[in-house]
Novice: 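Sharing a structure here in structure tokens format.
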Amino acid sequence: MKKYLIVVLSLVLMTSCLSEGKNSENPKREFRGAWVHIVGNKTIATLTTEQAKQMFLDVIDSCYLAGCNAIIFQVRPTADAFYQSDIEPWTRYLTGVQGKAPEPYWDPLAFAIEECHKRGMELHAWCNPYRVTLLESDTLCSDHLYYKNPEIFVKYGKQLFFNPGEPQARAHTVKVITDIVARYDVDAIHFDDYFYPYPVEGEEFDDQATFEKYGPAQGFTTMEQKADWRRNNVTMLIEELGKAIKEVKPWVRFGISPFGVHRNKKDTPDGSGSDTDAFSNYEQLYADVPLWVEKGYIDYNVPQIYWKIGHPKADYEVLIKWWNDNTPRGQLYVGQNISTFGEKDLQNPNTTQMARKMQLVRELPNVDGNVWWPGWSIEKNSNNIADSLMQKYQKYHALIPAYTEIDAKAPKAVARIEKDGRLIRWEQDAADAADPMQKALFYAVYCFPDGVDVDTDKAEYIMKITNDTVYNVVEENAAHGAGCKYVVTVLDRCWNESKPSETLWY
């Protein structure tokens with residue numbers, strides 16, 4: 001459920017259910033993700049294993065230094081795998097040939113998880129549910145499912161897709177996703193905006209036979225109901241996936257990143273759509289994202305609000321406010337297109353729109369953070385994005401907002417903490433460590449200078465978010481001085497935070 005706001009820092013929390021308030025300058029909790037895609041990247045297949053690893057390390061490090069706390073890593077682009085799978089073939093984007101394993105062998109997903117967790121960052125596995133080919137020239141490997149079960153696929157335009165109306169297609173997708181969740185320590189599964197394919201002018205998606213076969217049993221019998229049937233097909237998949245993921249690992253979240261316009265006001269009989277005039281999820285992609293939010297099928301939503309403030313058909317400010325007002329539960333992040341952050345501010349053309357966009361994110365009560373597109377642009381510092389994040393907007397560490405609908409129980413404080421020369425060492429409570437929901441995902445290390453009281457609500461005193469149980473005071477805190485006070489807290493799988501440890505003085 002949406003967190004209450006603490007408007008004035010001096011207000012006393014009346015119940016333990018209230019979380020940290022929004023702070024537009026240095027928020028204690030804020031999701032700060034970055035999409036790292038592989039589709040369209042022709043460089044990867046030309047690199048050696050070590051070169052490819054270094055390329056991904058460079059982008060992960062760049063995002064970390066810019067204050068990001070999550071990487072959304074593309075691992076299933078076209079019914080193939082950027083990881084080891086016995087269900088689907090290796091992706092062509094790794095080696096250049098679908099089905100060909102990397103030599104020397106490595107597993108990009110396992111690698112990315114390890115490197116992100118080392119840095120106190122989450123790893124969300126980004127998958128596409130229906131796309132099978134991207135280009136007409138794409139060839140499928142000989143053991144691809146298409147050759148075993150072609151009737152569950154549809155050729156549309158120049159691409160091949162799973163048919164969303166086919167139960168076997170949904171079952172296969174659920175099988176693939178639950179396999180990832182079972183075998184990898186991912187923090188979330190993430191889908192983007194590709195559900196039914198984007199329309200091809202003059203061509204109808206060929207699912208009439210499927211509609212006639214399965215529609216009546218679902219209560220859809222007339223052609224006027226076909227669009228609703230398509231939306232129901234996607235909703236069934238999302239509901240099944242939400243349940244299946246939690247059955248395997250209850251702490252793994254499920255997030256969707258839809259196109260930024262749900263419905264236009266002119267297309268909604270009750271006027272509930274946004275005041276926009278654009279392509280929409282509901283009408284064209286058959287995705288009813290607010291329904292999934294309302295029902296709790298997904299844990300977070302990241303609408304891709306990729307336009308500038310003042311766009312004549314899809315105004316950023318109109319859309320972020322619409323999503324804020326139509327997100328009754330779960331968490332809402334904003335998909336931010338870095339290329340628009342060079343647009344001039346409408347009130348002050350001597351500056352960009354970044355300040356206003358960030359103000360909206362941090363002041364609207366139901367908005368919990370950002371996801372930056374693309375992560376590679378942070379590495380390149382496009383539009384000075386890395387500098388802006390590092391020096392101002394993401395200057396200090398932030399915890400990801402707690403997923404209290406999944407688990408609201410905070411872990412116990414660390415069981416033991418001690419000095420070991422310039423090192424601080426600690427241990428988690430043994431009972432919590434044995435409980436999958438309370439087990440530490442990370443620890444937060446705080447440092448309070450002499451004369452500053454211990455207050456873990458203040459983000460500027462977080463020195464590090466780490467999965468380690470040791471902290472080197474000298475090497476990792478360049479600002480360390482005599483009289484600094486250190487405390488450590490436990491962060492569980494859903495980002496509930498423990499009370500602070502005993503205070504250690506240095």
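Computed from heavy atoms alone, side chains included, the values below leave out hydrogens, waters and symmetry copies. Note that this is a predicted model, so its numbers are computed, not measured.
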Novice: Where do Phe82 and Tyr93 land on the ring pair (Phe, Tyr, Trp, His ring centres under 6.0 Å) test, with the steps shown first?
Specialist: CA-CA 8 Å; Phe82 202 56; Tyr93 296 104; 8.5 Å; no

Novice: In plain terms, say whether Glu30 and Arg362 are close enough for a salt bridge, that is, a side-chain N and a carboxylate O under 4.0 Å apart.
Specialist: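 Salt bridge: yes.
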
Novice: Is the distance between the ring centroids of Phe442 and Trp495 less than 6.0 Å?
Specialist: yes

Novice: Main chain of Val302, side chain of Ser257: is a donor-acceptor contact present, judged purely on distance under 3.5 Å?
Specialist: yes

Novice: Are any non-hydrogen side-chain atoms of Ile256 and Phe195 less than 4.5 angstrom apart?
Specialist: yes

Novice: Mind listing the side-chain donor-acceptor pairs of residues 287-296 below 3.5 Å, one per line with the distance, residues two or more places apart or on another chain?
Specialist:
residue	atom	partner	partner atom	Å
Trp292	NE1	Thr235	OG1	2.9
Trp292	NE1	Asp288	O	3.4

Novice: Hey, are Asp185 and Arg493 close enough for a salt bridge, meaning a charged N less than 4.0 Å from a carboxylate O?
Specialist: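 Salt bridge between Asp185 and Arg493, a charged N being under 4.0 Å from a carboxylate O: yes.
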
Novice: If we ignore hydrogens and angles and just use 3.5 Å, is the side chain of Asp368 paired with the main-chain N or O of Leu332 as donor and acceptor?
Specialist: yes

Novice: Check whether Asn128 reaches the backbone of Phe191 with its side chain - one donor and one acceptor, N or O, closer than 3.5 Å.
Specialist: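 Side chain of Asn128 to backbone of Phe191: no pair is present.
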
Novice: Treating Lys395 as the side-chain partner and Leu389 as the backbone partner, does any N or O pair qualify as donor plus acceptor under 3.5 Å?
Specialist: no

Novice: Does this structure show an ion pair linking Arg230 with Glu204, if we count only N-O contacts that are shorter than 4.0 Å?
Specialist: yes

Novice: Using ring centroids (six-membered ring only for Trp), state whether Phe162 and Phe153 fall under 6.0 Å.
Specialist: yes

Novice: I'd like to know if the side chain of Arg76 and the backbone of Ile177 have a donor-acceptor N/O pair within less than 3.5 Å.
Specialist: no

Novice: Looking only at the side chains, is there a donor atom on one of Ser339 and Asn337 sitting less than 3.5 Å from an acceptor on the other?
Specialist: yes

Novice: Rounded to the nearest 0.5 Å, what separates atom CD in Gln353 from atom CZ in Phe341?
Specialist: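 So the gap between those two atoms works out to 9.0 Å.
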
Novice: Could you walk me through whether Tyr83 and Glu88 pass the side chain to side chain donor-acceptor pair (under 3.5 Å) test, one step at a time?
Specialist: CA-CA 10 Å; Tyr83 61 96; Glu88 293 187 317; 4.8 Å; no

Novice: If the plane angle is over 60° it's perpendicular, under 30° parallel, otherwise tilted; pick one for Tyr130 and Tyr196.
Specialist: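 The rings of Tyr130 and Tyr196 sit tilted, inter-plane angle from 30° to 60°.
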
Novice: What pairs with Asp315 under side chain to side chain contact (heavy atoms under 4.5 Å, CB included), at least two apart in sequence or on another chain?
Specialist: Ile309, Glu317, Val318

Novice: Taking the six-membered ring for Trp and the single ring otherwise, decide whether the centroids of Trp307 and Phe259 are under 6.0 Å apart.
Specialist: yes

Novice: Return the orientation label for the Phe31 and Tyr333 ring planes: parallel under 30°, perpendicular over 60°, tilted otherwise.
Specialist: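 Parallel: the ring planes of Phe31 and Tyr333 meet at under 30°.
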
Novice: Give a yes or no on whether the ring-centroid distance for Phe279 and Tyr198 is below 6.0 angstrom.
Specialist: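 Yes, close enough.
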
Novice: Between the side chains of Glu122 and Arg253, is the shortest nitrogen-to-carboxylate-oxygen separation below 4.0 Å, so that they form an ion pair?
Specialist: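 Yes, charged N to carboxylate O under 4.0 Å.
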
Novice: Does Gln394 reach the main-chain N or O of Asn69 with its side chain, forming a donor-acceptor pair under 3.5 Å?
Specialist: no

Novice: So among Asp179, Val75, Ile113, which one has a side chain to side chain contact (heavy atoms under 4.5 Å, CB included) with Tyr184?
Specialist: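 Exactly one pass, corresponding to Ile113.
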
Novice: Check the surroundings of atom CD in Glu203: do more than 12 heavy atoms from other residues, nucleotides or ligands lie under 6.0 Å from it?
Specialist: yes

Novice: Quick one: is the NZ or CZ of Lys357 closer than 6.0 Å to the six-membered ring centre of Tyr316, and within 45° of its axis?
Specialist: yes

Novice: Looking only at side-chain N and O atoms, does Trp35 offer a donor or acceptor that is under 3.5 Å from a partner on Gln304?
Specialist: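 No pair is found: no donor N or O on one side chain lies under 3.5 Å from an acceptor on the other.
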
Novice: So, for Phe220 and Tyr214, is the gap between ring centers shorter than 6.0 Å?
Specialist: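 Here the rings of Tyr214 and Phe220 have centres that are no less than 6.0 Å from each other.
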
Novice: Side chains of Asn496 and Pro411: closer than 4.5 Å at any heavy-atom pair?
Specialist: yes

Novice: Check whether Asp187 reaches the backbone of Leu123 with its side chain - one donor and one acceptor, N or O, closer than 3.5 Å.
Specialist: yes

Novice: So that I can tick it off, tell me whether Arg119 and Asp61 are bridged by a salt bridge, with the cut-off set at under 4.0 angstrom between side-chain N and carboxylate O.
Specialist: yes

Novice: Using modelled atom types only, decide if a donor and an acceptor are shared between the side chain of Gln98 and the backbone of Asp80 within a distance under 3.5 Å.
Specialist: no

Novice: Relative to each other, are the rings of Phe56 and Trp106 parallel, tilted or perpendicular (30° and 60° limits)?
Specialist: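 Rings of Phe56 and Trp106: tilted, 30 to 60°.
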
Novice: Salt bridge between Lys226 and Asp207, side-chain N to carboxylate O under 4.0 Å?
Specialist: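 Here Lys226 pairs with Asp207 in a salt bridge, since their nearest N and O are under 4.0 Å apart.
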
